[in-house]
> 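Dumping the structure here so I can ask a few things about it.
The structure presented is a predicted model; accordingly, all values stated were derived computationally and were not measured. Proteins get letters first, then strands, A, B, ... in listed order; numbering begins at 1 in each. Reckoned from all heavy atoms, side chains included, excluding hydrogens, waters and symmetry mates.
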Amino acid sequence: MTPKNNFAPRVLDWFDQHGRKHLPWQHNKTPYRVWISEIMLQQTQVTTVIPYYERFMRSFPDVYSLAAASQDEVLAHWSGLGYYARGRNLHKAAQALVNDWEGEFPATQEGVCELPGIGRSTAAAILSISRNEPLAILDGNVKRVLARFHAVPTWPGERKTETAMWALAEAYTPQDRCGDYTQAMMDMGATLCTRSNPSCERCPLKEDCEAFAMGAPTAFPKSKPKKAAKPVRNTQMLVVQRGETILMEKRPASGIWGGLWSLPELDFDDDTIQVAELRLGVQVDNVISLSPFRHTFSHYHLDIVPYKLVVQEKAQVNEAAKYQWFEISEALKLGLPTPIRSILETAQEAVGTQPQLNL
DNA sequence: AAAGCGGGGCA
DNA sequence: TGCCCAGCTTT
């Protein structure tokens with residue numbers, strides 16, 4: 001990492017010229033007032049928060065009034081903001097402040113982090129803005145700014161990436177005007193360095209922003225690795241019944257289920273009877289639908305639609321080497337792929353119980 | 001419909 | 001400790 005020495009001054013200059021400085025929580029910046037605003041802003045945009053914030057402050061002007069209120073009263077003021085667990089935490093934390101801290105916020109970040117609903121970043125925001133403590137924040141806004149500035153190549157959700165980004169955040173946080181810097185970084189993330197359509201031209205950091213230099217600001221922060229959305233494949237599987245026996249197929253030695261006994265399979269959109277008769281060389285007397293189900297492999301889902309085909313007693317099949325007739329109970333003693341085993345078990349139970357489709 | 005959001009809470 | 005979730009928004 002090569003911190004640019006003038007990072008913070010540039011951010012602060014931008015803030016002095018363009019930052020928002022007259023939001024309701026930006027005057028009389030007590031820890032209490034900053035705290036309430038930070039919690040509300042975690043989940044909601046500035047314009048929505050303003051009326052809620054003002055109403056909340058009117059009813060609960062200080063930590064004592066908040067602590068003394070009932071949870072229902074507090075939640076009534078939260079109504080419409082969502083995330084009510086955070087409203088409840090707010091109330092609990094107010095009571096903890098009154099009971100354990102004589103109504104004052106702890107002096108240290110660790111102390112503030114003890115309060116329910118406040119973690120490292122929110123604690124730093126409260127203390128830097130209200131008391132000008134030189135503590136770094138790393139909320140979504142700051143993560144975005146830093147990820148772009150350094151073209152951070154990995155997903156911030158990874159532990160080591162997040163640790164590295166905390167180190168960056170600390171390296172850039174100035175000793176002076178830390179509160180303004182905190183506000184400025186949030187403001188930049190909210191108004192310039194937005195998730196989509198960032199206003200790079202107006203950004204005071206663009207000359208040294210690696211993502212901007214790459215011409216790809218929105219490529220950062222790297223998004224969460226996709227859970228490799230497993231493709232879905234479809235197949236038909238056939239339980240070909242001849243008297244008391246069913247037809248098992250020996251799979252090729254390599255590939256999926258290599259060398260195992262399985263069931264004859266058709267493409268999903270093959271005409272079941274027609275293709276079965278053609279390929280196996282048997283005549284189908286009767287078709288019984290079995291329950292379709294999904295089998296999931298490590299890399300794809302296989303949706304299996306099983307059918308039972310009843311064929312004539314003396315049917316012979318083509319390619320006899322690949323096939324063998326087994327009683328179901330005998331077939332179940334073979335080493336079978338799991339979904340094949342389930343089909344056979346189902347077919348065994350289902351004899352005579354399924355509605356029959358005579359064709 | 002999918003990802004992002006800070007902190008909580010679980011294994 | 002490390003990972004995933006709740007509950008809502010934005011894209």
> Counting only side-chain nitrogens and oxygens, does A/Thr44 get under 4.0 Å of the OP1 or OP2 atom of C/dT9?
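Answer is no, no contact under 4.0 Å.
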> When the distance from CG of A/Asn141 to P of C/dT9 is rounded to whole Å, what number comes out?
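It is 18 Å, rounded to the nearest whole Å.
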> Roughly, in whole Å, what's the span from NZ in A/Lys92 to C1' in B/dG7?
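Atom-to-atom, A/Lys92 to B/dG7, this comes out as 12 Å.
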> Can you measure A/Glu162 atom CD to B/dC5 atom C1' for me and round it to whole angstrom units?
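Rounded to whole Å, this separation is 12 Å.
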> Want to settle it: does A/Arg159 or A/Gln45 sit nearer the 5' end of DNA chain C, counting the closest nucleotide to each?
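Looking at the nearest nucleotide for each, A/Arg159 comes out on the 5' side.
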> In the structure I gave you, are the side-chain heavy atoms of A/Phe7 and A/Asp208 within less than 4.5 Å of one another anywhere?
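A side-chain contact under 4.5 Å is absent here.
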> Output the rounded distance in Å from CG (A/Asp139) to P (B/dG4).
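Going from A/Asp139 (CG) to B/dG4 (P), I get 15 Å.
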> Of the nucleotides B/dG7, C/dC8, C/dT10, which has the atom closest to the A/Tyr84 side chain?
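Given the options B/dG7, C/dC8, C/dT10, the side chain of A/Tyr84 is closest to C/dC8.
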> Of the options C/dT10, B/dG7, C/dG2, whose atoms approach the side-chain atoms of A/Thr122 most closely?
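Ranking C/dT10, B/dG7, C/dG2 by closest atom to the A/Thr122 side chain puts B/dG7 first.
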> Can you tell me the distance, in whole Å, between the CD atom of A/Gln109 and the P atom of B/dG7?
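That distance rounds to 10 Å.
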> A/Glu158 has an atom CD; how far is it from atom P of C/dC3, in whole Å?
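Rounded to whole Å, this separation is 10 Å.
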> Considering only side-chain heavy atoms of A/Ser196, which listed nucleotide, C/dC8, B/dG7, C/dT11, is closest?
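Among C/dC8, B/dG7, C/dT11, the one nearest the side chain of A/Ser196 is C/dT11.
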> Could you check whether A/Lys143 pairs with A/Glu162 (Lys NZ or Arg NE/NH1/NH2 to Asp/Glu carboxylate O, under 4.0 Å)?
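Yes, A/Lys143 and A/Glu162 are salt-bridged.
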> May I ask you to evaluate whether A/Gln42 reaches the phosphate of C/dC8, defined as a side-chain N or O under 4.0 Å from OP1 or OP2?
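A/Gln42 to C/dC8 OP1/OP2: no side-chain N or O under 4.0 Å.
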> Measure from the side chain of A/Arg144, starting at C-beta and using heavy atoms only, and say which of B/dC5, B/dG4, C/dG2 lies closest.
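Among the listed nucleotides, the one closest to the side chain of A/Arg144 is B/dC5.
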> How long is the line joining NZ of A/Lys224 and P of B/dA2, in whole Å?
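Rounded to the whole Å, the gap is 12 Å.
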> Taking everything shown except A/Glu207 itself, do over 12 heavy atoms lie less than 6.0 Å from its CD?
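Yes, the 6.0 Å shell around CD holds more than 12 heavy atoms from other groups.
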> Determine the interplanar angle of the A/Tyr32 and A/Trp35 rings, folded into 0 to 90°, and report it as parallel if under 30°, tilted if 30 to 60°, perpendicular if over 60°.
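If you compare the ring of A/Tyr32 with that of A/Trp35, the planes turn out perpendicular.
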> To the nearest 0.5 Å, what is the distance between CD1 (A/Ile36) and CH2 (A/Trp25)?
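Going from CD1 on A/Ile36 over to CH2 on A/Trp25, the span is 12.0 Å.
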> Starting at the 5' end of DNA chain C and moving along, which residue's nearest nucleotide shows up first, A/Arg88 or A/Arg195?
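Its nucleotide being nearer the 5' end, the pick is A/Arg88.
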> Separation of A/Leu41 atom CG from C/dT9 atom P, in whole Å?
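In whole Å, C/dT9 P and A/Leu41 CG are 15 Å from each other.
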